[in-house]
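Please read the structure below before turning to the comments.
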Amino acid sequence: MIDKPVKRVRTRHFQNAKNEGIKITGLTSYDMLTAEIFDAAGIDFLLVGDSAGNNVMGYDTTLPVTVDELIPLTRAVARATQRAFVIADMPFGSYETSPDEALHTAFRFMKETQAHAVKLEGGVRSAEQIRRIVSAGIPVMAHIGFTPQSEHGLGGHLIQGRAPQLAQLLADAHAVEDAGAFAVVLEMVTSDAAAQVTKELRIPTIGVGAGPHVDGQLLVWTDWAGLSTGRIPKFVKQYADLKGVLTQAVTSYRADVDAGTYPGPEHSYDV
Ligand code: KIV
């Protein structure tokens, strides 16, 4: 964790952390209540990911998510934090066409949500977009390796960075650093490849399923807390069983209402 007394985590703290060998910790968040809890616990950055598509909006993938859907979630998270650095995820179809389109989307997030940075997917192919956004004074977190918005192009949820793709991964990593990204997410990349990228880059690497030899870690909070349904990737460590806790609570509530034991006198108003 970046030194806790920091008032508000900023991009320079990410760089200092890498330089000093301090690990950076991030989670996704899509709402005010989790943002408050994670912020108070000292999580360094909160990503309002387009994974909201699978975790909030009920889509099968992140592809249908729009800027208009992410803006209110990002605003809620930004308003709920005091210390954490809040990053808005640019959804599929909101930046690929041109650097101008990317800057326009980044402006919307910065003006309408008060996030502190944006994230977008792609290495070499997104370098010009990153350069343009950074030149307007907006920090960019890059995202390479497995990029969920290109799930169909990549042929599914496949581990990246093995021998034939290593050269592309390194080229992507250098391209986003050269374009001015302040950090780069490495998703579902072999530990060895992630270690090599981390060694070669000056900027911090943030792993999501990229093993231990990176500068920081990021997890989707609903996976991490045991709330997600469906397949949980191997790299996720579940730190709680929220689904179990809520299932037990709702079962007790329903039983109490059925039995007439809720509400009791302590939950009722007198004259
Ligand atoms: O949207 C998201 O949650 C992400 C992370 C998995 C990197 O992009």
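Along the sequence shown, residues carry numbers from 1. Note: hydrogens, waters and symmetry copies are ignored here, and every other heavy atom, side chains too, is used.
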Kindly write out the residues that satisfy ring-ring contact (aromatic ring centres under 6.0 Å, His included) with [X], not counting sequence neighbours, or none if the list is empty.
X: His267; value: Tyr262
X: His104; value: none
X: His116; value: Phe85

Inter-residue atom distance [X].[atom1] - [Y].[atom2], 0.5 Å rounding:
X: Asn54; Y: Thr61; atom1: CG; atom2: OG1; result: 6.5 Å
X: His213; Y: Asp192; atom1: NE2; atom2: CG; result: 7.0 Å
X: Leu70; Y: Thr113; atom1: CG; atom2: OG1; result: 10.0 Å
X: Met188; Y: Lys234; atom1: CE; atom2: NZ; result: 12.0 Å
X: Phe109; Y: Ile138; atom1: CZ; atom2: CD1; result: 11.5 Å
X: Phe235; Y: Gln217; atom1: CZ; atom2: CD; result: 10.0 Å

Just wondering, are more than 12 heavy atoms of other shown residues or ligands nearer than 6.0 Å to [atom1] in [X]?
X: Arg8; atom1: CZ; value: yes
X: Arg108; atom1: CZ; value: yes
X: Glu20; atom1: CD; value: yes

Shortest non-hydrogen contact between [X] and [Y], atoms and distance:
X: Leu46; Y: Ala84; result: CG-CB, 4.1 Å
X: Leu73; Y: Ala52; result: CD1-CB, 3.8 Å
X: Ala210; Y: Gly207; result: CB-CA, 3.8 Å
X: Ala17; Y: Ile24; result: CB-CG1, 3.7 Å
X: Pro212; Y: Ser191; result: CD-OG, 4.0 Å

Item to check | Listed once per pair and sorted, the side-chain hydrogen bond (donor to acceptor under 3.5 Å, both in side chains) pairs that draw on residues 158-178, sequence neighbours left out | outcome: Gln168-Asp172, His174-Glu200
Checklist entry - Taking it one step at a time, do Arg75 and Gln114 satisfy side-chain contact (heavy atoms from CB on, under 4.5 Å)? => result CA-CA 6 Å; Arg75 189 186 294 131; Gln114 279 135 54; over 6 Å; no
Next on the checklist: Running the 4.5 Å side-chain criterion over Ile, Leu, Val, Met, Phe, Trp and Tyr, what cluster does Ile22 land in, apart from itself?
Outcome noted: none
Checklist entry - Using a side-chain heavy atom cutoff under 4.5 Å and only I, L, V, M, F, W and Y, what cluster partners does Leu33 have? => result Met32
For the backbone of [Y] and the side chain of [X], can you confirm whether one donor and one acceptor N or O come within less than 3.5 Å of each other?
X: Ser126; Y: Gln129; value: no
X: Ser228; Y: Thr222; value: yes
X: Glu121; Y: Gln149; value: yes
X: Thr81; Y: Asp39; value: no
X: Lys18; Y: Leu201; value: yes
X: Lys23; Y: Met1; value: no

Item to check | salt bridge (Lys or Arg N to Asp or Glu O under 4.0 Å) contacts in which one or both residues fall within residues 87-107, not counting sequence neighbours | outcome: Asp89-Lys119, Asp100-Arg132
Item to check | Summary of salt bridge (Lys or Arg N to Asp or Glu O under 4.0 Å) pairs that have at least one residue in residues 46-67, sequence neighbours excluded | outcome: none
Would you please name every residue forming a side-chain hydrogen bond (donor to acceptor under 3.5 Å, both in side chains) with [X], sequence neighbours left out?
X: Thr11; value: none
X: Gln15; value: Asn19
X: Thr205; value: Thr198, Asp215
X: Thr261; value: Asp256

Next on the checklist: Determine whether the aromatic ring centres of residues Tyr239 and Trp221 are separated by less than 6.0 angstrom.
Outcome noted: no
Checklist entry - Regarding Ser51 and Thr28, is there a side-chain donor-to-acceptor distance under 3.5 Å anywhere? => result no
Checklist entry - Do Glu69 and Tyr59 have side-chain atoms, one donor and one acceptor, less than 3.5 Å apart? => result yes
Checklist entry - Between Trp224 and Phe38, what is the ring plane arrangement, given parallel below 30°, perpendicular above 60°, and tilted in between? => result perpendicular
